[in-house]
Peer 1: 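Here you go, one structure.
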Amino acid sequence: MKLLLGTLFLLPLAFGSMQAIASDYTIKFSHVVASNTPKGKAAELFARLVDERTKGRVKIEVFPNSQLYNDNKVLEAMRLSSSKTTGIMAAPSLSKFVKFSNTLQAFDLPYLFNDISDVHKLVDSSLMPRLTSGLNKKGLHALTVWDNGMKVFSIKGEKPLKNTPADFNGMKFRIQSSNIAASMIEKLGGTPQKLPFKEVYTALGQGVVDGQENAWSNVYTKKFYEVQDYISVSNHSYLGYLVVVSNEFWNNLPADIRDAVSISLKEATKANREYAAQADTDDRKKIENGKYAKVVDMSTAERAAWRKATAPVWAEFRDEIGGELIDDVNKLLGR
Ligand code: SIN
């Protein structure tokens, strides 16, 4: 009797652990932003959809806030990982592929996109495989693009960034690892400083840098607005993400699992666009209604002046990205 009771008591535990080990594959989904952002929410939804669709055979563990890997470090870890059952997936911003793809840098060209519908025109076009084509050779498999939104500039200072180049003079700006962003800041008259996302709030707060460029949801969820005086609605470039996995891990997955993951990603991508559109208005409003940074709209003339000042960046990177590809992108966007 004692033995039976003991066995009964252990049964739920045994069942629980059976459940815990029931998955055939684990995918660690690493990202650097907060969970309540377009990327964070899409990753959680994706994990739920894959779990349902594969009936638990694939478990996606989401690690937000640089908990697992900081910034582009995740791409190195992904490339080095050799497990067939535990893979790494991530959605680094397109700028963070600078070491792995010249063509993807096109996304960073200043004022390439007028708005998010231009972005979707490109991402949903047949040019996308050309833009991601070099990644396979680097051991990476591109799955989909997720939005955050158009970038705005924030600054700590006496006055907002409105004109060019005077307002940028003597100011230091945190940027991602993009060489195009570095050149763009220089053309505007400022000094760029590449820093991991995790360090931005402290760097702004301690005056290591004066300003930064980002999408509304990151400015809000990481509280950049609390340590900045002005936010200029420049919409000068796009912050989006490429969801990637290692080629080796992907190709080793059974076809039915790959299908389930792909369909779930498609659904998560659709939802991501909605989350991003919502965050763009909601997070901007929360900042505008708060007591910290003042939001400053830009006139058409001011926007044109910034565009003119940054135009030489295009010629500088044309050969590296590929002239023909840039021409095709321009044609697609009706330029
Ligand atoms: C991200 O949105 O993933 C980070 C962007 C940044 O590094 O500014």
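Atoms within a ligand are numbered from 1 in the order they appear, just like the ligands themselves. Atom set for the values below is all heavy atoms of this structure, side chains included, hydrogens, waters and symmetry mates excluded.
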Peer 1: With heavy-atom distances below 4.0 Å as the criterion, list the atoms of ligand 1 near V33.
Peer 2: 1 (C), 2 (O), 3 (O)
Peer 1: Take D147 and H120 through the side-chain hydrogen bond (donor to acceptor under 3.5 Å, both in side chains) test and state the conclusion after the steps.
Peer 2: CA-CA 9 Å; D147 283 347; H120 295 164; 2.6 Å; yes
Peer 1: Quick one: does K39 get within less than 4.0 Å of ligand 1, heavy atoms only?
Peer 2: yes
Peer 1: Does K286 have more than 12 heavy atoms from other residues, nucleotides or ligands lying within 6.0 Å of its NZ?
Peer 2: yes
Peer 1: Which atoms of ligand 1 have any heavy atom of V32 under 4.0 Å away?
Peer 2: 1 (C), 3 (O), 4 (C)
Peer 1: Find out whether the Lys NZ or Arg CZ of K222 is both under 6.0 angstrom from the six-membered ring centre of Y201 and within 45° of the ring's axis.
Peer 2: no
Peer 1: Could you tell me whether K39 sits above the aromatic face of Y241, with NZ or CZ closer than 6.0 angstrom to the six-membered ring centre and within 45 degrees of the axis?
Peer 2: yes
Peer 1: So if I count the atoms of ligand 1 from 1 in the order they appear, which ones are less than 4.0 Å from some heavy atom of N218?
Peer 2: 1 (C), 2 (O), 4 (C), 5 (C)
Peer 1: Around atom 2 (O) of ligand 1, find the nearest protein heavy atom and jot down its residue, atom name and distance.
Peer 2: Y241 OH, 2.5 Å
Peer 1: Please say whether more than 12 non-hydrogen atoms of neighbouring residues, nucleotides or ligands are located less than 6.0 Å from NZ in K223.
Peer 2: no
Peer 1: Applying a 4.0 Å heavy-atom criterion (strictly less than), which segment of N214 is in contact with ligand 1: side chain, backbone, both, or neither?
Peer 2: side chain
Peer 1: Check whether any heavy atom of H31 sits under 4.0 Å from an atom of ligand 1.
Peer 2: no
Peer 1: Assess R174 for proximity to ligand 1: is some non-hydrogen atom of it under 4.0 Å away?
Peer 2: yes
Peer 1: Going by the angle between their ring planes, with limits at 30° and 60°, are Y292 and Y225 parallel, tilted or perpendicular?
Peer 2: perpendicular
Peer 1: Atoms of ligand 1 less than 4.0 Å from L239 heavy atoms?
Peer 2: 2 (O)
Peer 1: Please state which protein non-hydrogen atom is closest to atom 7 (O) of ligand 1 and give its distance, to 0.1 Å?
Peer 2: K96 NZ, 2.7 Å
Peer 1: With W306, which of M184, K162, M298 fulfils side chain to side chain contact (heavy atoms under 4.5 Å, CB included)?
Peer 2: M298
